[in-house]
A.B. asks: 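Take this structure first; my questions come after.
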Amino acid sequence: MKEIIGQILPLWGIEDKQLLQVYPSAWEINGSYIVKVYNDKKQLERNIKISEILLHCKIPVAKIILTKKEEKYVEYKNIYFFLSENYKEVIFLIGKIRQLLGKWARRLHSYIKRL
């Protein structure tokens with residue numbers, strides 16, 4: 001898979017690349033991007049749509065990077081790929097959001113108990 005990803009990265013304008021597999025279906029590129037790999041086109045399109053909706057709602061998710069031809073994903077031999085920003089920062093933000101939600105839920109619970 002690493003070789004295939006190396007071959008398709010120029011479609012996004014990425015020539016120099018360091019690839020690191022970070023998940024069975026995800027590769028980090030140059031520490032800046034993530035390539036997600038799908039065998040199911042419908043699942044890929046659904047996940048892209050969900051990401052777009054979340055971004056529109058100002059929820060922190062990794063932004064999808066379009067190819068040089070303005071496409072959201074690439075198909076290569078019935079395998080589907082999309083490129084997004086590296087979401088290390090997003091994971092950090094999600095952790096912070098969870099902490100805040102937990103804090104608010106505890107406060108709300110204590111106020112309700114007083115009623």
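Hydrogens, waters and symmetry mates are skipped; everything else that's a heavy atom, side chains included, is used.
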A.B. asks: Under a plain distance cut-off of 3.5 Å, with no hydrogens placed, do Tyr73 and Glu45 share a side-chain donor-acceptor pair?
C.D. replies: yes

A.B. asks: Linking I/L/V/M/F/W/Y whenever their side-chain heavy atoms sit closer than 4.5 Å, directly or via other members, would Val74 and Ile4 fall into one cluster?
C.D. replies: yes

A.B. asks: At their closest point, which heavy atom of Val61 faces which heavy atom of Ser51, and how far apart are they?
C.D. replies: CG2-O, 3.6 Å

A.B. asks: Would you check if Tyr33 and Asn86 make a side-chain contact, meaning some heavy-atom pair closer than 4.5 Å?
C.D. replies: no

A.B. asks: Applying side-chain contact (heavy atoms from CB on, under 4.5 Å) to Ile29 and Ile5, what does each step give before you reach the verdict?
C.D. replies: CA-CA 10 Å; Ile29 313 300; Ile5 293 171; 4.1 Å; yes

A.B. asks: Working to the nearest 0.5 angstrom, can you tell me the gap between His109 NE2 and Lys113 NZ?
C.D. replies: 4.5 Å

A.B. asks: Identify the two heavy atoms, one from Gly6 and one from Leu19, that lie closest to each other, and give their separation to 0.1 Å.
C.D. replies: N-CD2, 4.3 Å

A.B. asks: Could you walk me through whether Phe82 and Ile48 pass the side-chain contact (heavy atoms from CB on, under 4.5 Å) check?
C.D. replies: CA-CA 9 Å; Phe82 80 83; Ile48 288 173; 4.2 Å; yes

A.B. asks: What residues, two or more places apart in sequence or in another chain, satisfy side chain to side chain contact (heavy atoms under 4.5 Å, CB included) together with Gln21?
C.D. replies: Trp27

A.B. asks: Might you confirm whether atom CD of Gln18 has over 12 heavy atoms from other residues, nucleotides or ligands at distances under 6.0 Å?
C.D. replies: no

A.B. asks: Taking Trp12 for the side chain and Ile65 for the main chain, is one N or O donor matched with an acceptor at less than 3.5 Å?
C.D. replies: yes

A.B. asks: Using side-chain hydrogen bond (donor to acceptor under 3.5 Å, both in side chains) as the criterion, list what pairs up with Asn47, not counting sequence neighbours.
C.D. replies: Tyr38

A.B. asks: Less than 4.5 Å apart, any side-chain heavy atom of Leu83 and any of Ile14?
C.D. replies: yes

A.B. asks: NZ/Lys69 to CG/Leu11 distance, rounded to the nearest 0.5 angstrom?
C.D. replies: 7.5 Å

A.B. asks: With sequence neighbours left out, write down each residue that passes salt bridge (Lys or Arg N to Asp or Glu O under 4.0 Å) with Lys72, or none if nothing qualifies.
C.D. replies: Glu52

A.B. asks: Which atom names give the shortest non-hydrogen contact between Lys36 and Ala26, and what distance separates them?
C.D. replies: CD-CB, 3.9 Å

A.B. asks: If you define the side chain from C-beta out and look only at heavy atoms, does anything of Met1 sit under 4.5 Å from Val37?
C.D. replies: yes

A.B. asks: Let's go through Lys63 and Leu55 carefully: what are the C-alpha distance in whole Å and the side-chain angles of both, what is the deciding distance for side-chain contact (heavy atoms from CB on, under 4.5 Å) to 0.1 Å, and is it a yes or a no?
C.D. replies: CA-CA 7 Å; Lys63 181 181 172 190; Leu55 275 172; 4.2 Å; yes

A.B. asks: Would you kindly say whether Gln43 and Tyr80 are connected by a side-chain donor-acceptor distance under 3.5 Å?
C.D. replies: no

A.B. asks: Please report the C-alpha distance between Asp40 and Leu44 in whole Å, then the side-chain angles of each, then the deciding distance to 0.1 Å, and finally whether the side-chain contact (heavy atoms from CB on, under 4.5 Å) criterion is met.
C.D. replies: CA-CA 6 Å; Asp40 183 339; Leu44 165 92; over 6 Å; no

A.B. asks: Between CD1 of Ile79 and OG of Ser25, what distance do you get to the nearest 0.5 Å?
C.D. replies: 12.0 Å

A.B. asks: What are the two closest heavy atoms between Val22 and Glu28, and how far apart are they?
C.D. replies: CG1-CB, 3.9 Å

A.B. asks: Evaluate the side-chain proximity of Phe81 to Glu75: yes if any heavy-atom separation is below 4.5 Å, no if none is.
C.D. replies: no

A.B. asks: Side-chain contact test, heavy atoms from C-beta onward, threshold under 4.5 Å: evaluate it for Asn78 versus Asn39 and give yes or no.
C.D. replies: no

A.B. asks: So, for Glu15 and Pro10, which heavy atoms are closest and what is the spacing to 0.1 Å?
C.D. replies: OE2-CB, 3.6 Å

A.B. asks: OH/Tyr111 to CG/Leu108 distance, rounded to the nearest 0.5 angstrom?
C.D. replies: 9.5 Å

